[in-house]
Protein chains: 2
Amino acid sequence: MAARKKAMDELSKEMIIQEANKQFLTSDFHKVSMRAIAKELGCSHGAIYYHFANKTELFYAVVEQYFTELNMTLENVIQEEGDSRSKMAAVFTGFIEFGLNHQSQYEFMFMQRNKEVNPLSQQASNESYTKFAQVLQELTNHTLSLAKIYSTFISLHGFVSHYRGFVENYNEAKEAAIQHSQFLLEALD
Amino acid sequence: MAARKKAMDELSKEMIIQEANKQFLTSDFHKVSMRAIAKELGCSHGAIYYHFANKTELFYAVVEQYFTELNMTLENVIQEEGDSRSKMAAVFTGFIEFGLNHQSQYEFMFMQRNKEVNPLSQQASNESYTKFAQVLQELTNHTLSLAKIYSTFISLHGFVSHYRGFVENYNEAKEAAIQHSQFLLEALD
DNA sequence: TAATTTAATTAACCAATGGTCAATAAAGGA
DNA sequence: TCCTTTATTGACCATTGGTTAATTAAATTA
């Protein structure tokens, strides 16, 4: 009955992550099932559990790369041209753009409140916040209070978390995003 | 095999809503199951489906009262004593307080992006936003732009949606909430 | 009061889900 | 060649939301 595939057909963590990522792009965490992933990979869903302890762990592996993508996005703004004010605006819209163009990922990264996810995803999201704070400090010569930075971050999060699911991608909310960024910029003066 | 209970033991919408509400207080939408509700009511879970088309409809019925509670909270601030600035702060912290003291309800009311919920819960949440905007307009003699009001709302939503699950109730985030409200107040100047 | 209609309930069912595990077969080393 | 490790299967478990035929109590009508 049971079996093992030939070497070249064997599963690898990478393959699983890739397929999970693929399905994650158009569907959210709860709708992507281990069975659907397995089916597409041509294996039984039990096989996935040999490589990942559970669904959450698999999706954390998927989402890891998105954390670094976000951090890079934030950091890269500093290198761009323009005055620091427009750079700050770019940080704000950049964050929103990331959130609205990777909605299921964003949800998993910043909105999941599952017990199991906490230790993993929560630390990573803290690091992203730290990166955000660093960049802002740098762009303002460290004149901003932590409280203001935190409020700004929370307000950006609010934008993403509000428009998520209501809009398909960043472009559809671009104008509102720019206005919101402007609002926050003024608040920081 | 099957049966019908005696008149006084019959199920009513009210009883179901009450029990669902009760379980909703300490657990979120996905964790409260129709079966658990039925068990506590001493009936089969199928019986609930005679009174409510599905889980979503039941929970919308539960949450309806919370929408009016929130609207009242917002509205009542106007009657309080104090200058309009402190009243605005009270509106902000009032919204946050509601959100953090009714987390599962808030999630269902403002964060659910389920297709089925949309028509119901989305309209109600729009009404709550409208109420919020009205109160703010009134407190500022209609000098606020719609864009600023919207940004403010979104920023408050961000606070709740960020602290939710991280904190048990409003009190645990009170200081941060006050600071955030202050931040938004300044932004509106 | 008797017959009929209507409302409510049950229990068996369905199709999913995440997760576990013994059995098994391939791979690789001795 | 034998043995051990490793990867995979598929049957299983409990649980979920949801549906439905059958049944029976209550309300209505004659």
Side-chain angles (χ1 to χ4, degrees), chain A residues 1-20 23-24 27-63 104 108 112-118 120-121, chain B residues 1-20 23-24 27-63 104 108 112-118 120-121:
Chain A
M1 285 197 204
R4 170 175 178 161
K5 289 193 176 165
K6 303 206 171 153
M8 50 166 287
D9 293 336
E10 271 188 20
L11 272 178
S12 71
K13 280 200 173 193
E14 261 322 308
M15 290 166 59
I16 301 172
I17 291 175
Q18 221 167 45
E19 180 57 36
Q23 300 198 16
F24 207 15
S27 194
D28 64 88
F29 178 68
H30 286 106
K31 283 182 199 148
V32 177
S33 72
M34 298 300 256
R35 283 173 161 84
I37 294 168
K39 191 174 186 177
E40 206 63 29
L41 287 171
C43 68
S44 72
H45 77 286
I48 298 180
Y49 285 90
Y50 181 80
H51 299 272
F52 294 95
N54 52 46
K55 192 181 176 183
T56 306
E57 197 181 273
L58 165 58
F59 278 84
Y60 178 71
V62 170
V63 121
S104 354
F108 190 90
Q112 199 80 356
R113 288 292 182 278
N114 216 303
K115 323 119 205 142
E116 303 124 34
V117 195
N118 270 354
L120 299 165
S121 189
Chain B
M1 286 198 204
R4 172 178 176 157
K5 288 193 177 167
K6 305 211 167 149
M8 50 165 286
D9 293 337
E10 271 187 22
L11 224 43
S12 72
K13 281 199 173 192
E14 263 321 308
M15 289 165 58
I16 301 172
I17 291 175
Q18 221 166 45
E19 179 58 34
Q23 301 200 14
F24 207 15
S27 193
D28 65 87
F29 178 67
H30 287 106
K31 281 182 200 149
V32 177
S33 73
M34 299 299 255
R35 283 173 161 85
I37 294 168
K39 191 173 187 178
E40 206 63 30
L41 287 171
C43 68
S44 73
H45 77 286
I48 298 180
Y49 285 90
Y50 180 81
H51 300 271
F52 295 94
N54 51 46
K55 191 181 175 181
T56 307
E57 199 181 89
L58 165 58
F59 277 84
Y60 178 71
V62 170
V63 121
S104 355
F108 191 90
Q112 198 81 356
R113 289 295 182 273
N114 217 306
K115 322 115 204 148
E116 304 123 32
V117 194
N118 271 353
L120 300 165
S121 188

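Sequence lines set the chain letters: A, B, ... in the order given, protein chains first and strands last, and positions in each chain run from 1. All values reported here derive from a predicted model rather than from experimental measurement.
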5' precedence on DNA chain C between Ala47(A) and Ala47(B) (nearest-nucleotide basis):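 Result of the comparison: Ala47(B).
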5′-ward residue of the pair Ile48(B)/His30(A) relative to DNA chain C: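 Going by which nucleotide is closer to the 5' end, it is Ile48(B).
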For [X] and [N], what is the distance between atoms [atom1] and [atom2] respectively, to the nearest whole Å?
X	N	atom1	atom2	answer
Lys31(A)	dA15(C)	NZ	C1'	17 Å
Phe52(B)	dA8(C)	CZ	C1'	14 Å
Ile37(A)	dG19(C)	CD1	P	11 Å

Base dG17(D) paired with His45(B) side chain (donor-acceptor, <3.5 Å):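 Under the 3.5 Å cut-off, the side chain and the base do not form any donor-acceptor pair.
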Short side-chain N/O contact to dT8(D) OP1/OP2 from His51(A), under 4.0 Å: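 Checking dT8(D) against His51(A), a side-chain N or O does come within under 4.0 Å of OP1 or OP2.
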Starting the side chain at C-beta, find the nucleotide from [options] nearest to [X].
X	options	answer
Arg35(A)	dC12(D), dG17(D), dT9(D)	dC12(D)
Tyr49(A)	dT8(D), dT10(C), dG19(C)	dG19(C)
Ser44(B)	dG19(C), dG17(D), dA11(C)	dA11(C)
Glu10(A)	dA11(C), dC13(C), dT8(D)	dT8(D)
Tyr50(B)	dC13(C), dA8(C), dT8(D)	dA8(C)

Donor on one side chain, acceptor on other, Gln23(A) and Glu19(A), under 3.5 Å: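 Gln23(A) vs Glu19(A): donor-acceptor pair found between side chains.
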Sugar-phosphate only, base, or nothing, as touched by Ser33(A) at under 4.0 Å among non-hydrogen atoms: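 Answer is sugar-phosphate: Ser33(A) comes under 4.0 Å of backbone atoms only.
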Distance, nearest 0.5 Å, that separates CG of Asn54(A) from CD of Glu57(A):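 Result: 5.5 Å between the selected atoms.
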